[in-house]
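Scroll down for the structure; my scribbles are underneath it.
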Amino acid sequence: MANYDNLNDQQKQAVETTRGPLLILAGAGSGKTKTLTHRIAHLIHDEGVDPFNILAITFTNKAAEEMRTRVRDMVGPEADRIWVTTFHSTCIRILRRHIDRLGYDLNFTVYDTDDQKTVMKNVCKRLNIDTKNYKERTILNAISSAKDSLVSVSEYSLSTFGDFTKIVIARAYKEYQEQLKKSNALDFDDIIVLTVQLFKENPEILDFYQERFKYISVDEYQDTNKAQFELVRLLADKYRNLCVVGDDDQSIYKFRGANIRNILDFEEFYPEATVIKLEQNYRSTQNILDAANAVIANNRSRKVKSLWTSEGAGHKIRFMQLDNAYEEAETIVDEISSSVRRDDASYNDIAVLYRTNAQARLIEERLVLRGIPYNVVGGTNFYARAEIKDMIAYLKTIENGLDEVALRRIINVPKRSIGTVTIDKLLDFAEITDDSLFGAMQNADNISGLGKAGAKILNFVSLIENLRKELKAIGIAGVLNAIIEATDYYEYLKDQDEDSADDRISNVDELINKATVYEENAEEPSLTGFLEEVALVSDIDNIDNTDGRVLLMTLHSAKGLEFPRVYIAGMEDGLFPGMATISSGDSSDMEEERRLAYVGITRAKEYLTITCAKMRMLHGETQFNPVSRFVKEIPGELIDGMVPGSKISRSDYDEIDYGRGSRNFGGGYSDSRRSYGYDEGYANGGKPSARLKSYATPDARKPAMQSEIKNLNAIAGLSKGMPAGNVGELSFTTGDTVKHRKFGTGVVTGISKEPRDYKVTVDFDDYGTKIMYASFAKLEKV
DNA sequence: TTTTACTTCGTTTTT
DNA sequence: CGAAGTAAAA
């Protein structure tokens with residue numbers, strides 16, 4: 001019997017409502033994961049539901065992971081029989097078994113956005129579409145939103161109504177789908193769309209999964225698109241035990257196809273639905289909640305809710321308007337520094353949020369100068385790096401020879417004299433013989449006019465075929481090593497660019513680590529599985545705020561997270577909300593932007609500081625932005641320094657003495673300057689008032705700053721993704737006996753230093769000799 | 001084929 | 001302003 005004592009009345013009601021459609025409107029910080037996990041435990045323990053019949057869908061791997069552990073904590077190992085996964089992995093699991101019904105092979109690969117663009121480039125070339133007028137991305141976005149709303153190629157073609165742009169997109173859509181199919185590849189949207197199609201065309205398959213998943217819950221329901229709605233609808237259609245959880249006020253992914261109507265109209269679609277609102281907040285102080293409530297109340301398309309807490313009012317929200325973006329960054333970093341020094345805050349209590357990634361740079365620069373450890377979340381994905389994509393392309397080619405994007409990426413990387421001319425000949429041959437590119441390559445002997453390239457092609461083909469054969473014996477990590485060896489890939493990287501080679505090599509090493517970890521941990525490791533994991537994993541999943549770093553991220557990335565101290569930077573009309581939103585005639589755009597502000601505010605547990613700059617460089621021109629309208633929607637009495645009871649007016653802001661209340665202005669400033677020798681830039685000898693003019697020559701300092709960042713980062717061991725200052729000391733040396741979680745004990749026979757880590761060779765008592773990376777293997781000296 | 005000069009274009013991005 | 005992509009030159 002599960003224990004529900006620590007649930008509030010609404011949560012309890014949600015847990016106990018197990019039959020029929022249920023809509024849980026879960027405000028920010030209202031304990032929705034807790035409610036969902038209890039609900040699952042209740043189903044199993046009190047209603048005797050077989051875990052096998054439960055499906056819990058989330059959007060992110062991270063959310064799925066968290067829910068899985070929490071359910072396991074409550075119900076034990078039985079929990080592993082529940083499907084707790086993302087939309088995309090759910091669908092891939094289903095498609096791996098049945099996609100042959102739709103004419104694809106079961107070993108299909110998944111294309112990421114880069115791959116999509118490559119395909120679209122080819123499509124445009126083939127169809128003579130001028131990519132000046134029609135950008136690949138624009139076309140792809142149109143296709144993506146068509147797929148999101150389940151509009152097929154033929155339906156799209158029929159709905160162009162003579163609109164020339166749409167006609168072009170329709171042609172591109174058709175060709176794009178054909179190319180993907182030829183490559184036996186799916187894009188992210190296809191993963192959902194094809195599953196829906198599979199179910200619609202094969203009632204017996206649908207029925208099988210309907211019987212399997214008698215109880216379904218969907219998290220972050222406000223972010224679902226039409227295709228996902230349809231998928232869930234189909235699955236739940238038989239038993240109608242569908243529980244959706246979401247917060248319409250946190251719907252911030254419209255631009256990616258999320259349809260807020262799914263949650264707003266749930267009751268209309270399921271008239272028999274029970275609706276429960278979770279409004280008690282367990283995260284933030286009342287002041288923060290009041291601010292959030294006040295802002296979001298300006299939205300019209302929403303279900304009215306109001307967050308409250310049984311805890312106290314807490315600290316007021318601090319607002320500071322600085323003269324320019326440099327001072328904004330400096331002020332924030334100063335405050336971070338002093339709050340850690342003087343209060344009991346630690347770096348991992350703190351997050352700096354902003355609207356656009358570009359804003360991170362200035363803040364980063366100041367953090368580096370202060371030697372404050374930080375991590376920037378988002379930006380470039382690990383798997384988007386060229387060297388990683390190369391390695392993955394080799395793996396994809398081994399896995400799925402039809403994958404033309406992968407094959408063409410590596411066919412001449414590293415250089416093996418198979419140039420465009422040769423590739424074109426091969427493609428012609430493939431077209432005539434109705435074969436794939438790889439098929440043509442295998443037949444290189446029968447193609448005339450290839451000249452010397454013929455032998456090179458066959459070499460390449462046998463490399464791939466050999467690796468395919470050896471895969472079983474040497475594993476994924478082994479294959480990767482073999483690729484590097486056979487192609488002399490590291491030499492290639494060094495030839496490319498001497499400076500970045502070390503970084504790139506260590507990235508590849510990291511990929512090998514990941515492969516090793518995957519093979520050690522997965523139930524049934526396979527190349528398919530590894531590629532899937534790689535395709536469906538993002539940086540966001542690896543956010544770690546326990547390693548003593550300040551986190552910098554966009555407001556979007558912050559959804560679902562919480563921090564004791566939050567800074568929201570750049571709250572200016574023109575930046576947040578952005579210019580495009582302000583000038584858009586569609587009020588729903590502004591409402592979405594406001595929801596983003598709501599998400600930002602509700603991330604804060606104890607302290608919320610909002611900043612903006614009067615002057616800021618944007619797109620190469622200096623802009624003078626007024627204070628964000630969202631800030632003005634916060635009642636004045638909640639803001640530090642404001643006259644209680646008054647709404648703030650624009651003129652009020654200009655009167656704010658934002659120096660007040662920040663305890664260490666003068667001192668902190670001059671410290672940081674002296675130590676790094678930037679005094680010259682300041683007008684008044686390192687004793688700035690809050691109204692200090694901007695740097696005399698902000699740009700002149702840049703080159704110095706850039707190299708300074710590199711140096712400081714190197715000294716502090718701060719480069720992105722590296723645990724805070726720990727690469728170095730091993731607790732053992734050659735000859736020591738160590739213990740591994742899985743392989744047991746063994747003797748260290750060798751240690752070699754890698755750019756980022758140690759490679760340790762261990763002769764295990766029971767498993768033979770293994771080479772592993774120290775940071776992953778977690779070896780302990782015994 | 002590779003380097004270099006020039007143009008273009010600018011939110012957010014769970015998978 | 002600066003990244004990224006493209007066209008032209010070597």
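In this text the structure is predicted, and so the values were computed from the model without any measurement. All chains are named by letter (A, B, ...) in the order of the sequence lines, taking the proteins before the strands, and each is independently numbered beginning at 1.
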Any salt bridge linking Asp503(A) with Arg385(A)? Criterion: basic side-chain nitrogen under 4.0 Å from a carboxylate oxygen. no
To the nearest angstrom, the CG-P distance between Asp148(A) and dT14(B) comes to 15 Å
Which whole number of Å gives the distance between the C1' atom of dT11(B) and that of dT6(C)? 25 Å
Any side-chain donor-acceptor pair under 3.5 Å between Asn133(A) and Asp130(A)? yes
Expected string for nucleotides 3-12 of chain B under the B/S/- scheme (protein heavy atoms, under 4.0 Å, primed atoms plus P, OP1, OP2 as sugar-phosphate) is ------SBBB
Could you state the atom-to-atom distance from NE2 of His88(A) to C1' of dT15(B) in whole Å? 4 Å
Interatomic distance, Phe108(A) CZ vs dT15(B) C1' [rounded to whole Å]: 13 Å
Residues Glu220(A) and Gln222(A): side-chain donor-acceptor under 3.5 angstrom: yes
For atom CD of Gln222(A) and atom P of dT14(B), their distance in whole Å: 15 Å
Lys117(A) NZ - dA4(C) C1' separation (whole Å): 8 Å
Closest to the Lys415(A) side chain, choosing from dA3(C), dT2(B), dT13(B): dT2(B)
Between dA3(C) and dT14(B), how many Å separate the two C1' atoms, rounded to a whole number? 25 Å
Can you check the Tyr383(A) OH to dT15(B) C1' distance for me, whole Å? 14 Å
Between Lys254(A) and Ser588(A), do the side chains contain a donor N or O and an acceptor N or O under 3.5 Å apart? yes
If we count only N and O atoms by modelled type, under 3.5 Å, do the side chains of Tyr253(A) and Asn225(A) hold a donor and an acceptor together? no
Charged N-O contact under 4.0 Å between Asp223(A) and Lys559(A): yes
Starting at CG of Leu618(A) and ending at P of dG2(C), how long is that distance when rounded to a whole Å? 13 Å
Using whole Å, what does the distance between atom P of nucleotide dG5(C) and atom NZ of Lys121(A) come to? 7 Å
Among Asp390(A), Asp115(A), Asp114(A), find the residue that satisfies the side chain to side chain donor-acceptor pair (under 3.5 Å) test when tested with Arg409(A). Asp390(A)
Across the strands shown, which category fits Asn61(A) at heavy-atom distances under 4.0 angstrom: base, sugar-phosphate, nothing? sugar-phosphate
For dT13(B), the Watson-Crick or wobble partner whose two distances fall under 3.5 Å: none
Using both distances under 3.5 Å as the test, list the Watson-Crick or G-U wobble partner of dA4(C), or none. dT7(B)
When rounded to the nearest Å, what value does the distance between P atoms of dA4(C) and dT13(B) take? 15 Å
